[in-house]
Protein chains: 2
Amino acid sequence: MRIGEKPEIARLPLFREMDEAQREEVFSASYLQVFPPQLTLFEAGQQADFLHVLVDGLVELYVGGAGRDTTMRIVEPVSSYILAAVVTDMPYLMSARTLASSRILLVPAVHLREAMNRDEGLMEATMREMALGYRDLVRALTDLKSRQSAERLGNHLLEYSTRLGGEWEFELKGEKRVLASLLGMTPENLSRAFGALKQHGVSVAGAKVRIEDKEALAAFSRPDPVPPDRF
Amino acid sequence: MRIGEKPEIARLPLFREMDEAQREEVFSASYLQVFPPQLTLFEAGQQADFLHVLVDGLVELYVGGAGRDTTMRIVEPVSSYILAAVVTDMPYLMSARTLASSRILLVPAVHLREAMNRDEGLMEATMREMALGYRDLVRALTDLKSRQSAERLGNHLLEYSTRLGGEWEFELKGEKRVLASLLGMTPENLSRAFGALKQHGVSVAGAKVRIEDKEALAAFSRPDPVPPDRF
DNA sequence: TCTGTAATTTGACGGAGATCAAAGTGCTTG
DNA sequence: CAAGCACTTTGATCTCCGTCAAATTACAGA
């Protein structure tokens, strides 16, 4: 893959501070590949041979807990995923599948780890990325433990909205069943949660969501006092 | 603090690969302090001025979610905590309190971050530590989302047991109410969960737990197919 | 040792959310 | 444009777990 092809990748926090030559070398060993929707990219337990960078499309990370799968993250472009498995050289903890036709840059784990040892900036960026990911999960865990379902949905909508730069009207990516699993509830209950939020400044039509009263929604959802690290 | 005082600290994965001189410098800027039980060490939202290393005692990390606190981790010696806030130079996401009289090494965040930029080994160890912590949280999150309370307790006991090197009889650290909060349930329900596990090879007397039938407990608790990264 | 306080346990009850079933809606495909 | 299928929504019921209350046990201080 040539670097000029996707300057957006090079602008990711993970690769931004990299030495130019190193980046060129890592990227030239990587390949960009297109996958159809609903394809399993890898499964939990497999050795982590590649860091993935989603360039275009939509990817779901999930864990297959006995009975039912539980969604851990919905990856939107452009972002990398499964970094922790790659840096520790351990088996994936999560499985991944495409939710839409997706273009993914596959970066060989070996090359990335080698580049890290040569490139101070890359290692620091990786460390920071891991730390931010850790903090995201701390939030997700407390969210699940201390809020009920409609509040979780409310907070999710608020955060998604501000991540979009403050758009109070937007479309949900992917199916609602996946969102339900991400938020730790059933599709039926997600539907009811949306219903409950109608009383608190949210209107929904299909995948289109409008936050009509941000204050009311925030009052109901009780967002964290410490704001998220990144949007 | 003199390094000779606690070789155990220097043997932590985080500090093990450090350059000797760097370690000496960082440790000499740190101080070992004794805290009484039930003392708040820091609160979520505060700037992360110190990395903590618990040398002796017991510490609880928790998040104060509106109504009730929820325990995120019970820290046993010798281990460090709150690394992610320190490396990102962001506010603590969790609060910390001592559960018992504790000796804690306070490492100034500034010194640690500076040492990281000079010491390749330290940075790599930090990166690895963060990655392992991330994976721990992925497990905790799926655990909470896909298992019910008695199963969570069963898995916790199994993991704790193997972390102790396979001791099938051990004492629980701290109060049961804290364990309950860590596992995402009420004290009442923890009690009932212990009751339920009696049918699956676990006997309890006060804080003393005995796993009498590991196979039966594992069959009931449905542990992860991918074993934990570290014990 | 005794006593008071806190932690744990046990029981009864209620509620949030899961499950099951069925109807409704939207999307894809011929 | 119509048919078929999957996703979403709605309703009814059940289950797990939280809440409230009370009894019991453990523990610290006098």
Side-chain angles (χ1 to χ4, degrees), chain A residues 36-38 58 60 65-71 74 97 99-101 143-154 156 171-199 202-209 220-222, chain B residues 36-38 58 60 65-71 74 97 99-101 143-154 156 171-199 202-209 220-222:
Chain A
Q38 297 302 329
L58 201 63
E60 175 193 11
R68 184 154 1 291
D69 290 350
T70 182
T71 305
I74 298 172
R97 71 167 71 98
L99 295 180
S101 176
D143 187 51
L144 198 63
K145 284 172 79 172
S146 57
R147 277 195 268 258
Q148 51 195 48
S149 58
E151 297 173 319
R152 291 203 298 278
L153 175 59
H156 178 81
E171 299 230 349
L172 297 172
K173 302 273 184 176
E175 300 176 358
K176 288 208 179 123
R177 48 172 34 192
V178 180
L179 176 60
S181 178
L182 177 70
L183 295 176
M185 62 186 95
T186 57
E188 293 95 325
N189 246 316
L190 176 65
S191 199
R192 289 184 255 264
F194 269 121
L197 290 189
K198 286 201 177 109
Q199 318 297 341
V202 176
S203 65
V204 201
K208 185 160 286 177
V209 175
F220 172 78
S221 308
R222 302 183 290 114
Chain B
Q38 297 301 327
L58 201 63
E60 175 194 11
R68 189 159 353 294
D69 290 349
T70 182
T71 305
I74 298 173
R97 71 167 71 97
L99 296 179
S101 178
D143 186 52
L144 197 62
K145 284 173 79 172
S146 56
R147 278 196 268 258
Q148 51 194 47
S149 58
E151 297 173 318
R152 290 202 298 277
L153 175 59
H156 177 81
E171 298 231 348
L172 298 171
K173 302 275 184 174
E175 299 177 359
K176 287 206 181 128
R177 48 171 33 191
V178 179
L179 176 61
S181 179
L182 177 71
L183 295 177
M185 63 186 92
T186 58
E188 293 94 325
N189 245 319
L190 176 64
S191 198
R192 286 184 258 264
F194 270 120
L197 290 189
K198 286 202 177 107
Q199 316 299 341
V202 176
S203 65
V204 200
K208 184 159 288 176
V209 174
F220 172 78
S221 309
R222 302 183 291 117

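In what follows, every chain begins at residue 1, and chains take the letters A, B, ... in the order their sequences are listed. Every value quoted in this text rests on a predicted model; they were computed, and no experiment measured them. Any value given below was found using the heavy atoms of this structure, including those in side chains, with hydrogens, waters and symmetry copies removed.
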Participant: Hey, could you give me each pair passing salt bridge (charged side-chain N to carboxylate O under 4.0 Å, His left out) that has a residue in residues 174-196 of chain B? Not counting sequence neighbours.
Facilitator: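 Listed by first then second residue: nothing to list.
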
Participant: On DNA chain C, does the nearest nucleotide to B/Phe194 precede the nearest nucleotide to A/Arg152 from the 5' side, or the other way round? Give the residue.
Facilitator: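 So the residue in question is B/Phe194.
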
Participant: What protein N or O atoms touch nucleotides 11-14 of chain C N or O atoms at under 3.5 angstrom, if any, and at what distances?
Facilitator:
unit_1, atom_1, unit_2, atom_2, d
C/dG11, N7, B/Arg192, NH1, 3.3

Participant: With sequence neighbours left out, what residues match A/Lys208 under salt bridge (charged side-chain N to carboxylate O under 4.0 Å, His left out)?
Facilitator: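 Salt bridge (charged side-chain N to carboxylate O under 4.0 Å, His left out) list for A/Lys208, sorted by chain: A/Glu171.
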
Participant: Work out which heavy atom in B/Leu99 is nearest to a heavy atom in B/Pro37; give both atom names and the distance.
Facilitator: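 The pair with the smallest heavy-atom distance is O-CB, 4.2 Å.
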
Participant: Contact between A/Ser101 and A/Pro36 at the side-chain level, heavy atoms closer than 4.5 Å - yes or no?
Facilitator: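 Answer no - side chains too far apart.
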
Participant: Measuring from A/Leu153:CG to A/Ser221:OG, what's the distance to the nearest 0.5 Å?
Facilitator: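 The OG atom of A/Ser221 is 8.0 Å from CG of A/Leu153, to the nearest 0.5 Å.
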
Participant: Along DNA chain D, 5' to 3', what are the outermost nucleotides having an atom less than 4.0 Å from a heavy atom of chain A?
Facilitator: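 The contacted stretch runs from D/dC7 to D/dA12.
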
Participant: Can you name the salt bridge (charged side-chain N to carboxylate O under 4.0 Å, His left out) partners of A/Arg147, sequence neighbours left out?
Facilitator: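 Partners of A/Arg147 under the salt bridge (charged side-chain N to carboxylate O under 4.0 Å, His left out) test: A/Asp143, A/Asp224.
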
Participant: Which atoms form the tightest heavy-atom contact between A/Leu183 and A/Arg152, and what is the distance?
Facilitator: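 Scanning both residues, the minimum pair turns out to be O-NE, 2.8 Å.
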
Participant: Mind checking side-chain contact (heavy atoms from CB on, under 4.5 Å) for A/Lys173 and listing every partner two or more places apart, or none if nothing turns up?
Facilitator: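 By the side-chain contact (heavy atoms from CB on, under 4.5 Å) rule, A/Lys173 matches A/Leu58, A/Glu76, A/Tyr160.
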
Participant: Quick one: CG on A/Leu197 to CZ on A/Phe220, what's the gap to the nearest 0.5 Å?
Facilitator: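 Reported to 0.5 Å precision, the distance equals 5.5 Å.
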
Participant: Please report the distance, rounded to the nearest Å, between CG in B/Leu197 and P in C/dT9.
Facilitator: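 Going from CG in B/Leu197 over to P in C/dT9 covers 13 Å.
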
Participant: Using a heavy-atom distance cut-off of less than 4.0 Å, which residues of residues 173-184 of chain B contact DNA chain C?
Facilitator: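 Here the set is B/Glu175, B/Lys176, B/Arg177.
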
Participant: Take nucleotides 23-30 of chain C nucleotide by nucleotide from the 5' end and write B, S or -, depending on whether a protein heavy atom sits under 4.0 Å from the base, only from the sugar-phosphate, or from neither.
Facilitator: --------

Participant: Considering residues at least two apart in sequence or located in another chain, which fulfil the side-chain contact (heavy atoms from CB on, under 4.5 Å) criterion with A/Ala196?
Facilitator: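 For A/Ala196 the side-chain contact (heavy atoms from CB on, under 4.5 Å) partners, ignoring immediate neighbours, are A/Ala150.
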
Participant: Mind listing the closest non-hydrogen atom pair of A/Ala193 and A/Met185 along with its distance?
Facilitator: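 Scanning both residues completely, I find the closest heavy atoms to be CB-SD, 4.4 Å.
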
Participant: Measure NZ/B/Lys145 against C1'/C/dA18 and give the value in whole Å, please.
Facilitator: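 Whole-Å distance recorded here is 15 Å.
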
Participant: With A/Asn189, which residues qualify under side chain to side chain donor-acceptor pair (under 3.5 Å), at least two apart?
Facilitator: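 A/Asn189 satisfies side chain to side chain donor-acceptor pair (under 3.5 Å) with no other residue.
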
Participant: Per the end-axis method with five pairs at each terminus, what is the bend angle of the helix from C/dT1-D/dA30 to C/dG30-D/dC1, to 10°?
Facilitator: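 Roughly 50° between the end axes, to the nearest 10°.
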
Participant: Take atom CD of A/Gln148 and atom P of C/dA18, then tell me their distance rounded to the nearest Å.
Facilitator: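 My rounded result for the distance is 12 Å.
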
Participant: Residues in side-chain contact (heavy atoms from CB on, under 4.5 Å) with B/Thr71, at least two apart?
Facilitator: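 Counting only residues at least two positions away or on another chain, B/Thr71 forms a side-chain contact (heavy atoms from CB on, under 4.5 Å) with B/Glu60, B/Ile74, B/Val178, B/Ser181, B/Leu182.
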
Participant: Taking all atoms of both residues into account, what is the closest heavy-atom pair of A/Leu144 and A/Gly184, and its distance?
Facilitator: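 Reported closest heavy-atom pair: CD1-CA, 4.3 Å.
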
Participant: Quickly work out the A/Met185 CE to C/dA18 C1' distance and round it to whole Å.
Facilitator: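 Rounding to the nearest Å, CE of A/Met185 and C1' of C/dA18 are 13 Å apart.
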
Participant: If you look at every strand shown and take non-hydrogen atoms under 4.0 Å, does B/Ser149 touch a base, only sugar-phosphate, or nothing?
Facilitator: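 Counting heavy atoms under 4.0 Å across all strands, the contact made by B/Ser149 is with sugar-phosphate only.
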
